[in-house]
Amino acid sequence: MDHQADANRTDLMTITRFVLNEQSKYAESRGDFTILINHIVLGCKFVCSSVNKAGLAKILGLAGDTNVQGEEQKKLDVISNEVFVKALISSGRTCLLVSEEVEDAIIVPPAQRGKYIVVFDPLDGSSNIDCGVSIGTIFGIYTVKDTAEVSVEDALQPGSSLVAAGYCMYGSSCTFVLSTGNGVNGFTLDPSLGEFILTHPNIKIPKKGKIYSVNEGNAKNWDEPTAKYVENCKFPQEGSAPKSLRYIGSMVADVHRTLLYGGIFMYPADKKSPNGKLRVLYEVFPMSYLMEQAGGQAFTGKQRALDLVPKKIHDRSPIFLGSYDEIEHIKELYAESKENGA
């Protein structure tokens, strides 16, 4: 019996302990944020369990409804949305919720209100459930000025105003990645304990990357800078090795790999989708926030992604995010294109 290994397992940095440690750095903290994160974590554990037994429980089929984005809803989408809405409201720390699955923002009843706004995609990449590809939950957290007078407009803040963001990936393991503005940390669910354990402390994205991630099926509709960048990935001019293409089609999985290994993830605007496809509040902003916290960058083709100010809760935007040098290259190509009047 390996007593040393057992001894090492007794001093575990759980996500609750980690967030409490962060909280103790702020004398004025009342623990509201810790309670909120605990409720998000609980929702992620529930969804993780549901995803793992989806095939057995026959909850994979379509629910029959179409969500606000025009996508057919899977039963798991519906379940996940209900779980997170109930978990967030019951925390007593939220005042406004924006979900990808619900057309209107959810205003929390006054008796259960707190100061936080949560924007989330309860199950991103759910079309991949049937084939066992990684899917995930994405969330961002803002604060509101006045909990008595809450309106939808309170959620229309730039990404730079986020106080925290993260995602939970349901794949070969269940991984929870979180930033509260002091770097990025990754936790893995230990099924034997039912706890998320810190496994990836202080994640830093490599400054350069060897991987690019994009849906090349849209190539004929791309603008010139995107086409040039991808061409250079395949046929580099300076004699360096070509980059590898990796595209899963599930944003959480593609961004997670980019965060750990470096490179670039992009979903550019094109002729078919001039405003891009990914939603600003609960896809673009949280992932851009995490990238910047890990030392990378996020760019829309026109500006820093986190400086965008959404006009509606389901607004979309193009996005390029990843290693610092890769995004610098994309920025240069867009600047050149602008100078040439393209």
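Between S244 and K210, the closest side-chain pair of non-hydrogen atoms is not below 4.5 Å. Using a 4.5 Å cut-off on side-chain heavy atoms (C-beta onward), V252 and D121 make no contact. Annotation: side chain of L290 is not in contact with side chain of F285 (no heavy-atom distance under 4.5 Å). Within the 4.5 Å cutoff, side-chain heavy atoms of V47 are placed close to those of Y170. S80 has its side chain out of reach of T137: every pair of non-hydrogen atoms, C-beta onward, lies at least 4.5 Å apart. Looking at heavy atoms from C-beta onward, F84 lies in side-chain contact with C44 at the 4.5 angstrom threshold. At a threshold of 4.5 Å between non-hydrogen side-chain atoms, the residues L36 and T94 count as touching. Side-chain contact between I117 and L97 is absent, with no heavy atoms from C-beta onward closer than 4.5 Å.
Within a 6.0 Å radius of NZ in K204, more than 12 heavy atoms belonging to other residues, nucleotides or ligands are found. At most 12 non-hydrogen atoms from other residues, nucleotides or ligands lie less than 6.0 angstrom from CD of Q237. More than 12 heavy atoms of other residues, nucleotides or ligands sit less than 6.0 Å from atom OH of Y247.
Counting only distance, with no hydrogens or angles, the side chain of N81 and the backbone of D77 share no donor-acceptor pair below 3.5 Å. A distance-only check finds no donor-acceptor pair linking the side chain of N185 to the backbone of L178 [under 3.5 Å]. Panel note: side chain S49, backbone K45; no donor-acceptor pair is recorded below 3.5 Å. Not a single donor-acceptor pair under 3.5 Å links the side chain of E195 to the backbone N or O of M13. With K243 contributing its side chain and G209 its backbone, the two residues share a donor-acceptor pair below 3.5 Å. Between the side chain of S273 and the backbone N or O of D270 there is no donor-acceptor pair closer than 3.5 Å. Side-chain N or O atoms of S337 include none that pairs as donor or acceptor with a backbone N or O of L333 at under 3.5 Å. Listed for the S213 side chain is a donor-acceptor partner under 3.5 Å among the backbone atoms of R246. Judged purely by atom type and a 3.5 angstrom limit, S160 has no side-chain atom pairing as donor or acceptor with the backbone of D307. When atom types are taken as modelled, the side chain of T226 and the backbone of W222 share no donor-acceptor pair closer than 3.5 angstrom.
Ring geometry for F176 versus F196: interplanar angle of 30 to 60°, hence tilted. Taking the six-membered ring where tryptophan is involved, the planes of Y334 and F299 are perpendicular, since the angle between them exceeds 60° and thus also 30°. In this structure, H200 and H256 have perpendicular ring planes: the angle between them is above 60°, well past the 30° mark.
Counted by atom type alone, Y212 and E326 present zero donor-acceptor pairs between their side chains at under 3.5 Å. Checked by atom type, the side-chain pair D325/S323 shows no donor-acceptor distance below 3.5 Å. Using modelled atom types and a 3.5 Å distance limit, the side chains of S24 and N21 yield no donor-acceptor pair.
The shortest heavy-atom contact between Y324 and G295 is CB-O, 3.9 Å. For the residue pair P236 and C233, the shortest heavy atom distance occurs at CD-O, 4.0 Å. In terms of heavy-atom proximity, P318 sits nearest to P268 at CB-C, 4.0 Å. Nearest heavy atom pair, residue I313 against residue V98, reads CB-CG1, 4.0 Å. Closest heavy-atom contact between I330 and I264: CG1-CD1, 3.8 Å. Taking all atoms of both residues into account, the shortest heavy-atom contact from I327 to G322 is CD1-N, 3.7 Å.
When hydrophobic clusters are built by joining Ile, Leu, Val, Met, Phe, Trp and Tyr residues whose side-chain heavy atoms come closer than 4.5 Å, directly or via intermediates, L260 is grouped together with F265. Following chains of ILVMFWY side-chain contacts shorter than 4.5 Å, one can reach F33 starting from F187, so the two form part of one hydrophobic cluster. The hydrophobic clustering, which links ILVMFWY residues whose side-chain heavy atoms are closer than 4.5 Å, places L20 and Y116 apart. No continuous path of hydrophobic side-chain contacts links I89 to L42 [ILVMFWY only; heavy atoms under 4.5 Å]. Cluster membership check: V309 does not share its hydrophobic cluster with L281, using side-chain heavy-atom separations under 4.5 Å among Ile, Leu, Val, Met, Phe, Trp and Tyr.
For the atom pair OG of S288 and CD of E283, the computed distance is 11.0 Å after rounding to the nearest 0.5 Å. Here NZ of K115 is found 7.0 Å from OG1 of T143. Values are rounded to the nearest 0.5 Å. Note that OH of Y282 is 8.5 Å distant from CD of E101, once rounded to the nearest 0.5 Å. In this structure, OG1 on T180 lies 12.0 Å from CG on L162, to the nearest 0.5 angstrom.
Salt bridge present: R304 and E292 bring a charged side-chain N and a carboxylate O closer than 4.0 Å. Ion pairing between K331 and E328 holds under the 4.0 Å rule for side-chain N and carboxylate O. Salt bridge absent: R17 and E22 never bring a charged side-chain N and a carboxylate O closer than 4.0 Å. Classification of E100 and R279 as a salt-bridged pair holds, one side-chain N sitting under 4.0 Å from a carboxylate O.
Sorted by first then second residue, the salt bridge (Lys or Arg N to Asp or Glu O under 4.0 Å) pairs that include residues 145-163, not counting sequence neighbours, number zero. Applying the salt bridge (Lys or Arg N to Asp or Glu O under 4.0 Å) rule to pairs touching residues 82-98 yields D32-R93, sequence neighbours excluded.
Applying the side-chain contact (heavy atoms from CB on, under 4.5 Å) test between M291 and each of I319, I205, V184 identifies I205 as the sole match.
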